[in-house]
Structure formats: structure tokens, C-alpha cells
Asks: 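Handing you this structure, nothing more for now.
By convention in this document, chain letters (A, B, ...) are assigned in the order of the sequence lines, proteins followed by strands, and residues within each chain are numbered from 1.
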Amino acid sequence: MKSSRKYWLFKSEPSCFSFSDLQQRPEGTEPWDGVRNYQARNFLRDEVQPGDGVLFYHSNIARPAVVGSAVVVRGGYPDLTALDPESDAFDARSTADSPIWYRVDIRCGNQFVRQVTLEEIKRHPLLAGMELLRRSRLSIQPVTREEWEIILRLGGVGE
DNA sequence: GCCAACGTTGGC
DNA sequence: GCCAACGTTGGC
């Protein structure tokens, strides 16, 4: 049985990696690496699948917002930055045989015509249950199909 | 830049 | 396995 498509929200500080950075990558594709939180890791390793939809969220700025969509093009595989002593995300506990951290690859979808701000999400009755409003620290979050559709519509785009 | 929330570490 | 100390996230 083919599992159905899932939807996610990925956070990024735009000063670190923005949606426009993603758009400028070859084929708009980038490994989503450096995640060092176990719950987020579990999603990346076990649940995020090729074809899943991603809401790209800019955090830690004056006007936090979902700014675009993306699609998963490769499911969970070991995050090799954990093995690289030169990397900021190096983790001495992780090894090639027994990796701790995982990443997925995403490809940019559409930049929103208008950003969907955190403030707007808070005010929207149908978005009040979003994980984003409850688990402030989680950088990879599941999103329902309904939330996905509403936010794309508010953003003024299809996928 | 402040600071509350909260995930992680490590002593016991 | 508890929990205090510590570090980081992220809204404001």
C-alpha cells in the first residue's frame, strides 16, 4: 500500500538559509542538513518522503512568516555534515556506520505572492491548531492537508 | 538585544 | 531516573 502524501513546515533563519537561497541552488534543490534535535531527526529519518509538501518558514526575524513552498525529492539519509570536523554541525558521536543525524533533499516550489505571517496564522481560526503555535522550538513540524491548502491559498499560489 | 520556553547534559 | 544547570531557539 502506498502511503499518502504528507505535509511539513521547515523553519530556517533567512540570514542562514533563505527561500531565495534555495531558489538559486542548481535545480532549486538543497540538502536540509544540520538539524540537531531528536524529534525533528525522527521526522526526517522516518516520515518525510519524496513528494511530500514543505512550507518554508522564515524564523527569528521581525516578521516571521511562511514565504514559499517546496517539495521533498529525497527521503531521509545520513547527514554527512555530522561527520565533518570542519562543519559547524559536526558531532563527534556520529559515525558513518552508526549515524545519529539525518537529512532530506528539497526542491523549491513557488515563492508566495504574499507572505503568510505568524501573526496572521495566530489570528486565523482554522490555523489555530497548528504545531507552530504550540511547539515553538521544533524546526521540522507536521502540517495537516487542510493547513497546507489554507496557507498556500493565503500565499496566493498553487504549489 | 532581551528573555521565556524548552531541549539537553550530567551529577547524584 | 530525577532534576538543576546550561545552552539554544525564536518571538518580541
Asks: So, A/Ser94 side chain and A/Ile100 main chain: donor-acceptor pair closer than 3.5 Å or not?
Replies: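 Checked: pair present.
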Asks: Taking only the side-chain heavy atoms of A/Arg137 (C-beta and beyond), determine which of C/dG7, B/dT9, C/dG11 contains the nearest atom.
Replies: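 Ranking C/dG7, B/dT9, C/dG11 by closest atom to the A/Arg137 side chain puts C/dG7 first.
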Asks: Calculate the interatomic distance between A/Ile61 atom CD1 and C/dT9 atom C1'; express it in whole Å.
Replies: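 Distance, rounded to whole Å: 14 Å.
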Asks: Of all the choices, B/dT8, C/dC12, C/dG10, which nucleotide is nearest to the side chain of A/Tyr38 once you look at every atom?
Replies: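 Among B/dT8, C/dC12, C/dG10, the one nearest the side chain of A/Tyr38 is B/dT8.
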Asks: In whole angstroms, how far is the C1' atom of C/dT9 from the CG atom of A/Leu132?
Replies: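 Rounding to the nearest Å, CG of A/Leu132 and C1' of C/dT9 are 13 Å apart.
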Asks: Taking A/His58 for the side chain and A/Phe19 for the main chain, is one N or O donor matched with an acceptor at less than 3.5 Å?
Replies: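 Such a contact is found between A/His58 side chain and A/Phe19 backbone.
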Asks: Only one of A/Thr144, A/Leu133, A/Ile150 forms a side chain to side chain contact (heavy atoms under 4.5 Å, CB included) with A/Leu127, so which one is it?
Replies: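 Considering A/Thr144, A/Leu133, A/Ile150, a side chain to side chain contact (heavy atoms under 4.5 Å, CB included) with A/Leu127 is found only for A/Ile150.
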Asks: Crowded around A/Arg114 CZ? As in, over 12 foreign heavy atoms under 6.0 Å?
Replies: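 Count over threshold, so yes.
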Asks: To the nearest Å, how far apart are A/Met130 CE and C/dG11 P?
Replies: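 Computing the A/Met130:CE to C/dG11:P distance gives 12 Å.
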Asks: Just how far, in rounded Å, is P of C/dT8 from CG of A/Leu138?
Replies: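 Atom CG in A/Leu138 sits about 18 Å away from atom P in C/dT8.
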Asks: Take atom CG of A/Leu133 and atom P of B/dA4, then tell me their distance rounded to the nearest Å.
Replies: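 It works out to 21 Å between those atoms.
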Asks: Rounded to whole Å, please give me the gap between CD in A/Glu13 and C1' in C/dT8.
Replies: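 Whole-Å distance recorded here is 10 Å.
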Asks: If only side-chain N and O atoms of A/Lys11 are considered, is one of them under 4.0 Å from the OP1 or OP2 phosphate oxygen of C/dT9?
Replies: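 Looking at the OP1 and OP2 atoms of C/dT9, neither is under 4.0 Å from any side-chain N or O of A/Lys11.
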Asks: Whole-Å distance between B/dG7 P and A/Ile140 CD1?
Replies: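 Result: 15 Å.
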Asks: Once you round it to whole Å, what is the distance between C1' of B/dT8 and CG of A/Asn37?
Replies: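 Value for this atom pair: 10 Å.
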Asks: Nearest heavy atom decides the nucleotide; on that basis, is A/Arg36 or A/Asn60 closer to the 5' end of DNA chain B?
Replies: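 Between the two, 5'-proximity favours A/Asn60.
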